[in-house]
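A short worksheet on the structure shown next.
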There are 2 protein chains.
Amino acid sequence: MPDTSAKLQPPQDFDALRATILERKGELPKRLTQVAVYALDHPDEIAFGTAASIALSADVQPSTLVRFAQHFGFDGFSGLQLLFRARLRERTSSYEERLRILEQDGAALAESTTIFNGFVAAAHRSIDAIAAAVEPEAFERAVTLLAGADTIYLIAKRRSYPISSYMAYAFGKLKVRCQLVGTSAGIDDDMLAMATARDAAFAVSFSPYASESAAQARSMAARGIPVVSLTDSAFSPLAECSAEWFEVVEADHAGFRSLSASMAFAMALTVSIAEKRRRG
Amino acid sequence: MPDTSAKLQPPQDFDALRATILERKGELPKRLTQVAVYALDHPDEIAFGTAASIALSADVQPSTLVRFAQHFGFDGFSGLQLLFRARLRERTSSYEERLRILEQDGAALAESTTIFNGFVAAAHRSIDAIAAAVEPEAFERAVTLLAGADTIYLIAKRRSYPISSYMAYAFGKLKVRCQLVGTSAGIDDDMLAMATARDAAFAVSFSPYASESAAQARSMAARGIPVVSLTDSAFSPLAECSAEWFEVVEADHAGFRSLSASMAFAMALTVSIAEKRRRG
DNA sequence: GTCAATCTGGAATATTCATTCCAACACTGG
DNA sequence: CCAGTGTTGGAATGAATATTCCAGATTGAC
């Protein structure tokens, strides 16, 4: 029994284990690396699951889990699992602590922490708001409309641009044809001129509205190309020329809005469209 | 078999169980009361322990635990234990409980609605996860580091690009000098070559990692330019070459991840940096 | 291309665990 | 004091689980 790997002292707490794993990740065989990645990325699963269930979702054999544990000096998988459970017990208490701090609001906290907590809270609120504001029927209509289009034109400038750019990326992966409008200067209008009534457009614009986006959406609508839009007010210039439009009010922190809710909406729309196409 | 105690419907979540226990506490026999008290006082023990170990520390027999569970309509002790475990998982996100219901009753709804609800739930979970994962001290260090830089280089490709593009927009509004890397092909490396040790970089990359981003971050680090990064795993190539790095695990819905949490983080970082600069 | 060393998958095994069962016990009402 | 009903402890059981083992596959060196 050449106990080369038998560290007599297995790590005593989760942080030590984590450090050891990261340190030795280079010299690990393939399957053990796979376990290492899974373990650090899904610690909760390790804590709660059984060897069999974890093995399944990490796509390895149960025996590999045992080997992995033994490689780091544990008796078996169970010993390693104990550390993951201990971590969970401690973390929940520290998380509750954090929530308490968040509530009592920090005179004592670093300003960055206050800002961070503020954006986290704002994101939560925004997402709640959009969940309440979007009517399932309207969403379904929008999906049907866009799924039926030959090419989907994505119109967004400035602050909205990250949303359309992410949609363009996702559509690419999902093999849905789309055109991202607003990239390089100049060619936008030429691109839009090629759109036909068999296409459709999705426009995003928040106050203060980029006049260009509104103008482009209007001209599309005038040519019989249906427009779906995401905006932040019923008075938005986009609303009036859209076949369907959705209102998302991103909660702000200190006057700055994040895009968390819009991003969730955009992804839901993107995936729904792809799914509807796939089904015929 | 007088199944007087056989509630056909056992409590479905921890709060319901807790309520039921408290309600019926008076009419419980001695040993079962003992278990009830122990269970509500040491929920974590119930979640992780084995029937034997719990019995030992609650000073009852294992069989009593089973009887206790059955008394409340469960099949056996294991069924009850599941609730305690679920609670521990979901304590991280109080939203999840509410939203899980949204997710699971999708049969009657249009598919697009299910997808939408799924992304809303995933966004909530992601944001909770990042709130728990980001240490205030590390965040403050990252802010200080980036606020002290002459120019902030933003490195991100593909799926991460919307994040850096939004940061670039916000930095522009906030009058913080930055360079967005990854726009047009070719000039990226020339741009990065101009960076000096007085600058800093912020890199974002999620699995599957764009090798370009990692290489650029590494080369920056090698030239003494501090790198802060946002990524989704401790094994990310970004983690090892960063002065500070943050882990955000975006919850996924049907395999697709949105960027809600990353967006909130990015905004918090951006605004914090600007704020720190403004104050000197 | 061959060999040795290491790694991997999956069946076989040993252990641990929850559960059941029954005899002994403690209350309660007559 | 005596049934009768409900409760309790602890051993027996059977299921689930972690662990071990070995043959086959893979990798790396020469």
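Chain letters run A, B, ... following the sequence lines, proteins first, then strands; residues in each count from 1. What you are looking at is a predicted structure, and each value in this text was computed from that prediction instead of being measured.
- Residues from residues 33-41 of chain A lying near DNA chain D, meaning a heavy-atom separation below 4.0 Å, are absent.
- Contact annotation: Q70(A) side-chain N/O to dT19(D) OP1/OP2 distance is not under 4.0 Å.
- In the set dT19(D), dT20(D), dT20(C), the nucleotide with an atom closest to the side chain of P62(A) is dT19(D).
- We find that CG of L65(B) is positioned 14 Å from P of dC17(C), with the value rounded to whole Å.
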- [ ] At under 4.0 Å between heavy atoms, which parts of nucleotides 23-28 of chain D does protein reach? Answer with one letter per nucleotide, 5' to 3': B base, S sugar-phosphate only, - none.
- [x] ------
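- R67(B) places its CZ atom 14 Å from the P atom of dG6(D), with the value rounded to the nearest Å.
- Between the side chains of S260(B) and S258(B), a donor-acceptor pair is found at a separation under 3.5 Å.
- Remark: E137(B) engages no residue in a side-chain hydrogen bond (donor to acceptor under 3.5 Å, both in side chains) (not counting sequence neighbours).
- The stretch residues 46-55 of chain A comes close to DNA chain D through T50(A), A51(A), A52(A), each having a heavy atom under 4.0 Å from the strand.
- Every residue two or more places apart in sequence or in another chain was checked for a salt bridge (charged side-chain N to carboxylate O under 4.0 Å, His left out) with R158(B), and none qualifies.
- Comparing the helix axis at one end of the helix from dG1(C)-dC30(D) to dG30(C)-dC1(D) with that at the other, each defined from 5 consecutive pairs, gives an inter-axis angle of 30° (nearest 10°).
- Between D13(A) and R18(A) there is no salt bridge, since none of the side-chain N atoms of the basic residue sits less than 4.0 Å from a carboxylate O of the acidic one.
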Determine all donor-acceptor pairs shorter than 3.5 Å in which one atom belongs to a side chain in residues 60-69 of chain B; sequence neighbours excluded.
{"residue": "T64(B)", "atom": "OG1", "partner": "Q61(B)", "partner atom": "O", "Å": "3.4"}

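- Scanning for side-chain hydrogen bond (donor to acceptor under 3.5 Å, both in side chains) contacts around S160(B) gives an empty result, with sequence neighbours left out.
- To the nearest angstrom, P of dA18(C) lies 14 Å from CD of Q61(B).
- Computed from coordinates, the L80(B) CG to dC17(C) P distance equals 18 Å when rounded to whole Å.
- For the pair G79(A) and T64(B), both in contact range of DNA chain D, the more 5′-proximal nearest nucleotide belongs to T64(B).
- Of the residues L230(B), L145(B), V181(B), the one that meets the side chain to side chain contact (heavy atoms under 4.5 Å, CB included) test with F202(B) is L230(B).
- In this structure, the nucleotide among dC7(C), dA18(D), dT19(C) sitting nearest to the side chain of S78(A) is dA18(D).
- A salt bridge links R87(A) to D44(A): one of the charged nitrogens lies within less than 4.0 Å of a carboxylate oxygen.
- Listed nucleotides: dT8(D), dT20(D), dT8(C). Nearest to the side chain of P29(B): dT8(D).
- Straight-line distance from the CZ atom of F68(A) to the P atom of dG9(C): 15 Å, rounded to whole Å.
- Below 30°, between 30° and 60°, or above 60°: for F265(A) and F116(B) the angle between ring planes is above 60°, a perpendicular geometry.
- Note on residues 227-238 of chain B: no pairs pass salt bridge (Lys or Arg N to Asp or Glu O under 4.0 Å), not counting sequence neighbours.
- With sequence neighbours excluded, the residues forming a side-chain contact (heavy atoms from CB on, under 4.5 Å) with A47(B) are F84(B), R85(B), L88(B), listed by chain and number.
- Going from atom CG of L28(B) over to atom C1' of dG6(D) covers 13 Å, rounded to whole Å.
- Between H71(A) atom NE2 and dT6(C) atom C1' the separation is 12 Å, expressed in whole Å.
- For T270(A), there are no side-chain hydrogen bond (donor to acceptor under 3.5 Å, both in side chains) partners two or more places apart in sequence or in a different chain.
- Here Y209(B) pairs with nothing under the ring-ring contact (aromatic ring centres under 6.0 Å, His included) rule; sequence neighbours left out.
- The CZ atom of F77(A) sits 19 Å away from the P atom of dA16(D) (whole-angstrom rounding).
- Rounding to the nearest 0.5 Å gives a distance of 12.0 Å between CZ of R24(A) and OG1 of T33(A).
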